[in-house]
Amino acid sequence: MSSVALERTIFDADHDAFRETVRRFAERDVAPHLRDWADAGQVDRDVYRQAGKLGLLGINVDERFAGGGIDDFRFNAIVIEELCRVGAPAVVMGLAGINDLVTPYLVSLANEEQKHRFLTPLCTGEKIGAIAMTEPGAGSDLAAISTTALPDGDDLVLNGTKIFISNGMLADFVIVVAKTDPAAGKQGVSLLVVEDGTAGFTRNGPLHKVGLTAQDTAELVFDDVRVPRENVLGELNDGFGYLRHNLPQERLSVAVTSMASMRRTFDQALTYSCDRTAFGQRVADFQANRFYLAELATEIEIAQCFTDRCILDAAHGTLDEVTAAMAKWWITELQQRVVQRAVQLHGGYGYMREYDVAQDYLDCRGGPIYAGTTEIMKEIIGRKLTRA
């Protein structure tokens, strides 16, 4: 049983055909392996190669670099939605992490040689990329990072530690956010690519998270790592502006993940409450529960409408940081309420790990934290509202 949903009008026939491809991939190549990947703390590299073969990576990348050549975020959203449909938000963070976090920087900033070296193997799934922003002492406040990359001849010497890095253990290269002019504060931030095997670059992990256990998360340590200047993306010291430009899409990606995941959770809770009986009637027939279901179904529909508008904005290149912040905090917080109530509707079974809703309960909690906390999202919105 599924909830009554409003018709979504943002997709056309090409999107529908692509969705079928992603759905087959999710059901065949992802769903059967989720438990094994959760035990291993990371997905198998083959899933990236298969995604690359099917054109699910680098959707907006020029075909010269093995990409899809389609700059339309609706396709990115479909990848997220279909993976969430099979209960794989941990895999979303790996594959969508490439589409929505890593490739946008390479597409907009990399030169021709860098694109051939990094972007092409990323789109084929032969290489895995990551981006390293967060540090042990600097999370949402990127201006406070302490990692430095100081010029020394033809190289930059990188020192510092990054934490909670998605794809951190598997990554063949990492885009690192570092201060190349520490005295200039956020005006002295740069982006540079550090390749696997570079002397002084080590990793710790996978880190043991509460949920999303199949998602590879690591600590990265840089100890006098020499990075050639040709590995700098864009202009030196312009990195903070690049980050502000790309963060809205990352935050929308998180919102789409929460949106699709909560729909699955709600539908399962609805089915369970209509099938389960207590005191001689269905759980769904108790007025209190009917009201909870009605309230959540309504909020989910409202949230989907707003999410779809944001997806269209991203597809048209008009998504701004305030709207993305609104979507990110509201949708991830709504997911907390939906999952919380879904667990309650399942009763004791909702607390059992073999039930999907229990795993959803663990997986969803990171949503209001990563890619900028709820509080930071509200700060972004509030500053815009009160700016003189």
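None of the values given here were measured: they were computed from a predicted structure.
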Problem - Thr9-Glu7 side chain donor-acceptor pair, cut-off 3.5 Å - result: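 No - no donor-acceptor pair under 3.5 Å links their side chains.
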
Practice task
Please check if any side-chain donor atom of Asp224 sits under 3.5 Å from a side-chain acceptor atom of Asn159, or the reverse.
Solution key: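 Short answer, yes.
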
Handout entry: Residue list, side chain to side chain donor-acceptor pair (under 3.5 Å) with Arg229, at least two apart or on another chain
Key =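 Here no residue qualifies.
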
Report the distance from atom [atom1] of [X] to atom [atom2] of [Y], rounding to the nearest 0.5 Å.
{"X": "Phe18", "Y": "Asp12", "atom1": "CZ", "atom2": "CG", "result": "12.5 Å"}
{"X": "Leu220", "Y": "Glu135", "atom1": "CG", "atom2": "CD", "result": "11.0 Å"}
{"X": "Asp363", "Y": "Lys209", "atom1": "CG", "atom2": "NZ", "result": "9.0 Å"}
{"X": "Glu250", "Y": "Asp100", "atom1": "CD", "atom2": "CG", "result": "8.5 Å"}
{"X": "Leu243", "Y": "Leu191", "atom1": "CG", "atom2": "CG", "result": "5.5 Å"}
{"X": "Ile175", "Y": "Leu192", "atom1": "CD1", "atom2": "CG", "result": "9.5 Å"}

Practice task
Test the Arg337-Trp330 pair against the cation-pi criterion, namely NZ or CZ under 6.0 angstrom from the six-membered ring centroid and within 45° of the ring axis.
Solution key: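 Judged by the rule, Arg337 and Trp330 form a cation-pi pair.
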
Problem - cation_pi(Arg74, Phe11) dist<6.0 Å, angle<=45 - result: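 No, a cation-pi geometry is absent between Arg74 and Phe11.
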
Under 3.5 Å: donor-acceptor pair, side chain of [X], backbone of [Y]:
{"X": "Gln336", "Y": "Cys364", "result": "yes"}
{"X": "Asp62", "Y": "Gly69", "result": "no"}
{"X": "Lys179", "Y": "Ile145", "result": "yes"}
{"X": "Thr198", "Y": "Glu195", "result": "yes"}
{"X": "Thr332", "Y": "Lys328", "result": "yes"}
{"X": "Gln114", "Y": "Asn111", "result": "yes"}
{"X": "Thr373", "Y": "Ile369", "result": "no"}
{"X": "Lys378", "Y": "Ala325", "result": "no"}
{"X": "Glu63", "Y": "Ile70", "result": "no"}
{"X": "Asn289", "Y": "Ala284", "result": "no"}

Practice task
With side chain to side chain contact (heavy atoms under 4.5 Å, CB included) as the test, would you mind laying out the steps for Asn231 and Val194 before giving the verdict?
Solution key: CA-CA 7 Å; Asn231 278 25; Val194 180; over 6 Å; no

Output yes when [X] and [Y] qualify as a salt bridge under the 4.0 Å nitrogen-oxygen rule, no when they do not.
{"X": "Glu112", "Y": "Arg117", "result": "no"}
{"X": "Arg24", "Y": "Asp29", "result": "no"}
{"X": "Arg45", "Y": "Asp172", "result": "yes"}
{"X": "Arg263", "Y": "Asp267", "result": "no"}
{"X": "Arg23", "Y": "Glu81", "result": "no"}
{"X": "Arg19", "Y": "Glu82", "result": "yes"}
{"X": "Arg264", "Y": "Asp360", "result": "yes"}
{"X": "Arg203", "Y": "Glu219", "result": "no"}
{"X": "Asp275", "Y": "Arg282", "result": "no"}

Practice task
Decide yes or no on side chain to side chain contact (heavy atoms under 4.5 Å, CB included) for Phe173 and Asp196, but give the supporting numbers first.
Solution key: CA-CA 6 Å; Phe173 64 88; Asp196 182 37; over 6 Å; no

Exercise for the section: Give me the one residue out of Thr257, Leu95, Ile78 that meets side-chain contact (heavy atoms from CB on, under 4.5 Å) with Leu83. Expected result: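 Single side-chain contact (heavy atoms from CB on, under 4.5 Å) partner of Leu83 among Thr257, Leu95, Ile78: Leu95.
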
Practice task
Determine, using ring centers only, whether Tyr242 and Tyr105 are less than 6.0 Å apart.
Solution key: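 Judged by ring-centre distance (under 6.0 Å), Tyr105 and Tyr242 do not meet the cut-off.
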
Exercise for the section: Give the cluster check for Leu150 versus Val189: same hydrophobic cluster or not, with ILVMFWY residues linked at side-chain heavy-atom distances below 4.5 Å. Expected result: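 No; Val189 is not reachable from Leu150 via cluster members.
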
Practice task
Flag yes if more than 12 heavy atoms outside Phe286 fall under 6.0 Å of its CZ atom; otherwise flag no.
Solution key: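 Yes - once you tally the heavy atoms of other residues, nucleotides and ligands closer than 6.0 Å, there are more than 12.
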
Practice task
May I ask you to decide if the ring planes of Tyr272 and Tyr355 are parallel, tilted or perpendicular, using 30° and 60° as cut-offs?
Solution key: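 Tyr272 vs Tyr355 ring planes: perpendicular.
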
Problem - Beyond-backbone contact of Ile331 with Thr307, side-chain heavy atoms, under 4.5 angstrom - result: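 Touching, per the 4.5 Å side-chain cut-off.
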
Exercise for the section: List the steps, then state whether salt bridge (charged side-chain N to carboxylate O under 4.0 Å, His left out) holds for Asp313 with Arg309. Expected result: CA-CA 6 Å; Asp313 284 353; Arg309 169 57 191 268; 3.1 Å; yes

Practice task
Apply salt bridge (charged side-chain N to carboxylate O under 4.0 Å, His left out) to Glu379 and Lys384, showing your working.
Solution key: CA-CA 9 Å; Glu379 183 68 15; Lys384 179 70 173 181; over 6 Å; no

